[in-house]
There are 2 protein chains.
Amino acid sequence: MSVTQKLAKNCAEMTWDDLPFAVVHQTKRCIIDWLGVGLAARGHKTSQILRSHLRKMGGNPQASILGSNDLVSVEQAALLNGTMSHVHDFDDTHLDTVIHPSSPIIPAIAAMSQWREVDGKQSILAVAAGMEAALRIGIAVCPAHYDRGWHITGTAGVFGAAVGSSIIDGLPAEQITAAIGTAATQSSGLREFFGTMCKPYLPGHAASNGVRAALLAGGGFTSSEQALEGRRGWAAVLSPKSELERIGHKWGEAFEILRVAFKPYPSGVVTHPIIDAVLQARERADEVESIHLEVHPLVLELTGKEEPRTGLEGKFSIYHCAAAALLRGQVGIDEFTDEAVSDPDVIRLRERVTAEVCDELAPEEAIAHVQCRDTSRTIHIRHARGSVNNPLTDEELEDKFVNLVTPQKGEKTAKRLLEIGWSLEEHDFSRLLTAAAEEV
Amino acid sequence: MSVTQKLAKNCAEMTWDDLPFAVVHQTKRCIIDWLGVGLAARGHKTSQILRSHLRKMGGNPQASILGSNDLVSVEQAALLNGTMSHVHDFDDTHLDTVIHPSSPIIPAIAAMSQWREVDGKQSILAVAAGMEAALRIGIAVCPAHYDRGWHITGTAGVFGAAVGSSIIDGLPAEQITAAIGTAATQSSGLREFFGTMCKPYLPGHAASNGVRAALLAGGGFTSSEQALEGRRGWAAVLSPKSELERIGHKWGEAFEILRVAFKPYPSGVVTHPIIDAVLQARERADEVESIHLEVHPLVLELTGKEEPRTGLEGKFSIYHCAAAALLRGQVGIDEFTDEAVSDPDVIRLRERVTAEVCDELAPEEAIAHVQCRDTSRTIHIRHARGSVNNPLTDEELEDKFVNLVTPQKGEKTAKRLLEIGWSLEEHDFSRLLTAAAEEV
């Protein structure tokens, strides 16, 4: 049996009873966090352009647009909701692979669940299995695949969407194999587009392609049985190195979803220890003469933009992140608008921030040297808030959710959604998505 | 100005008057040939599964499904028609890059043209510019990109669809730049899937993604301005080597579309000199004891399947191609059905075919040693029929078209379509697509 077939078989055979409590709980954390960050992107220009495009294309009313009573086709709901989930760069992260797993995977399963009217348990199982598939495929090619320039959230995420959608439809293993293959030939996405609308588009594209892969496979579409490991298969072509045996390693015992981290700030995870450090400094902005940062090598590569021009680019600038944290004492969505990035006070502070790479630091670690006129302080963050060793508690996750959803839909809706989300196994996705459209 | 911006500018500034007569004529050859091979795939299982999927998804009635009065959205028409065009592996080929350019590009432009009601000149211009963009991008990364395992018809084709669709909408250069970027992050497709339904799916996927890239860019979507040449841009990530200056080389003077070749047989171009040779042998099948082939190195790599099980796999088996040519005296769509491939007489002959690689031969060249009981013949084909040095004449192209379309729509429709196609600059795509739905 090939690696691809074995993965398909593992996914097809996974049942609700195989999921430990911790996995079910973490899956619900992912779903809740996904819903919050997605809803917060309703008014964003990226979402509006895409939504207007979908309106032009038309489609059967099958699944909800997040936060709306409008129904579009399952493919379109996956596309738009997947894009919305990543617009603010506030969605969850599997730190070992840098995959943001919920954005490409959950929108596919949410749309399919609503259309097929499956219960909450089936949906949670589909998310858990889809996550395992995507994250393990990512692990098998990391870091070489990402280093080559692939935006792994899309390239690996499409497999999670395909597997999860297949599970909603109860496809047998051989059809899941075909779905994985049909996902592989659609797998795409480049890091070049970080800081543009093409970045959040990608998880939406992956979610939508995953839905289609599963539906075509269910309809009898054929594909390679060696999609992942073939001589010209996904791993060989998209990664200079791979260890495909890691995909099946301890399947059913170890769950990668437990290593998914949630973001306290809406920017790349590597900026988080820096923001933590500056927020801890608690100096008055006008007294600070300079901030010198020591950071992990990836930080400057990923988020080294010195002169961000837009809110989106601000997320890829540790200079902006540090300046905004110092000036405003918080780093939320409002700190990454175009206005916030071009605020002269922020720009003045930004110019006082310098950074150097320190090979000994972990990605979740940073050191900030804050120099004032007469004093100086050094703050060393070992484990950024939200990282696997310092995870957000359920309560912090709820606070983040309520803060994101209240401006959109009111606090009552936010709390109602939390209730449904935490007990999703007794409800279903339709109920969650319908409640998310209400404004109370 | 970046490579990507320069390409966008070149495409935006191209006008009808810039097109030499030969380019206009060749563009019409591409359109006619595309229409014929696409129509011939109406009843194929691949087309049916995809069409049934689109029916489930629904969409606004904007553009025709080939050969039908059914209208679907422009994205969907591009997807389905793009897939149909490649189902029989009978579509055109740019031999220098092995791109099949019409399948990912023309369906996008046909659908957009019909929806936006532009005239035939605008559509021909869009096809010509889209072809130049895709083929030149392909040239810039060939052969390294293809050798790595990429199915270049999809990976490069998406740019042609995006550029062509942009031209239909008259987008300015900066929006074409964004369309090229949005195409780049969707660029996908692996050679691993040759011989499965995922192969013809890919040009459809590229066509559809290209349409969407143009429509999103026209709506204000943002992307990188270095999509092609950026450090993590398309060329750097998808190809071990590239010469991006070739994209703009002699733009407006040399036209790559003039190097597009049309297939006399519905299988990979590298099988064509072999089929030519066996057809020329004109031996009685039952007298042949063995056929030994000398072929270009790519032949066995691409089409070396010794025991094809399906019609699709038969296209990737020179053993089947040679056997079918010998037994049936012709190689058309009927020689690549599942039945033809499992015909015991064909299998018996197939087992008498051997092949060896000869480094000195060109891809369009082959030598066949045909051994009968008492006699032996050696046939050396230097330029396969349909190759650039031995192109199909307009008359041969018409014959191919009529042979493909008559079983679908009757000879009168076939001839009517040829009339419209050859004078497309005085008509428009709607007229061609509407006439293709009629059965006379």
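The OG1 atom of A:Thr46 sits 10.5 Å away from the CG atom of B:Leu216 when rounded to the nearest 0.5 Å. With rounding to the nearest 0.5 Å, the separation of CG in A:Leu54 from CG in B:Asn60 is 11.0 Å. From A:Gln76, atom CD reaches atom CE of B:Met57 across 9.0 Å, with rounding to the nearest 0.5 Å.
Proximity to chain B (any heavy atom under 4.5 Å) is shown, for A:Ser52, by neither the backbone nor the side chain. With a threshold of 4.5 angstrom between heavy atoms, B:Leu79 approaches chain A through side-chain atoms but not through N, CA, C or O. Heavy atoms closer than 4.5 Å to chain A are found in both the backbone and the side chain of B:Leu50. Interface residue A:Leu202: only side-chain heavy atoms are found under 4.5 Å from chain B. With a 4.5 angstrom heavy-atom cutoff, A:Gln186 touches chain B via backbone and side-chain atoms both. Heavy atoms closer than 4.5 Å to chain B are found in the side chain of A:Trp115, but not in its backbone. In this structure, no portion of B:Ala206 lies under 4.5 Å from any heavy atom of chain A.
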Could you walk me through whether B:Met197 and A:Thr222 satisfy the side chain to side chain contact (heavy atoms under 4.5 Å, CB included) test, starting with their C-alpha distance in whole Å, then the side-chain angles of each, then the deciding distance to 0.1 Å, before giving a yes or no?
CA-CA 5 Å; B:Met197 292 183 186; A:Thr222 61; 3.1 Å; yes
Please assess B:Phe221 against A:Thr196 for the test side chain to side chain contact (heavy atoms under 4.5 Å, CB included), listing each intermediate value before the final yes or no.
CA-CA 8 Å; B:Phe221 225 58; A:Thr196 78; over 6 Å; no
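Between A:Leu190 and B:Arg232, the shortest heavy-atom distance links the atoms CB-O, 3.8 Å.
Looking only at heavy-atom pairs under 4.5 Å with chain B, the residue among A:Leu312, A:Thr155, A:Val237 that has the most is A:Val237. Chain B forms the most heavy-atom pairs under 4.5 Å with one residue out of A:Ser73, A:Ser224, A:Gly149, A:Ala178, and that residue is A:Ser224. Between chain A and the options B:His53, B:Lys45, B:Arg231, heavy-atom pairs under 4.5 Å are most frequent for B:His53. Of the listed residues (A:Phe193, A:Trp234, A:Trp150), the greatest number of heavy-atom pairs within a distance under 4.5 Å of chain B belongs to A:Phe193. Per-residue heavy-atom pair counts under 4.5 Å with chain B were compared for A:Arg212, A:Gln48, A:Gln226, and the maximum is reached by A:Arg212. Counting heavy-atom pairs closer than 4.5 Å to chain B, the top residue among A:Ala213, A:Gly195, A:Ala184 is A:Ala184. Looking only at heavy-atom pairs under 4.5 Å with chain B, the residue among A:Ser187, A:Ser223, A:Gly219 that has the most is A:Ser223.
Using a 4.0 Å cut-off between charged side-chain N and carboxylate O, B:Lys56 and A:Glu75 make no salt bridge.
A donor-acceptor distance shorter than 3.5 angstrom exists from the side chain of B:Ser188 to the backbone of A:Thr185, with no hydrogens or angles considered.
Enclosure of atom CD in B:Glu307 is not indicated, since only 12 or fewer non-hydrogen atoms of other residues, nucleotides or ligands lie within 6.0 angstrom.
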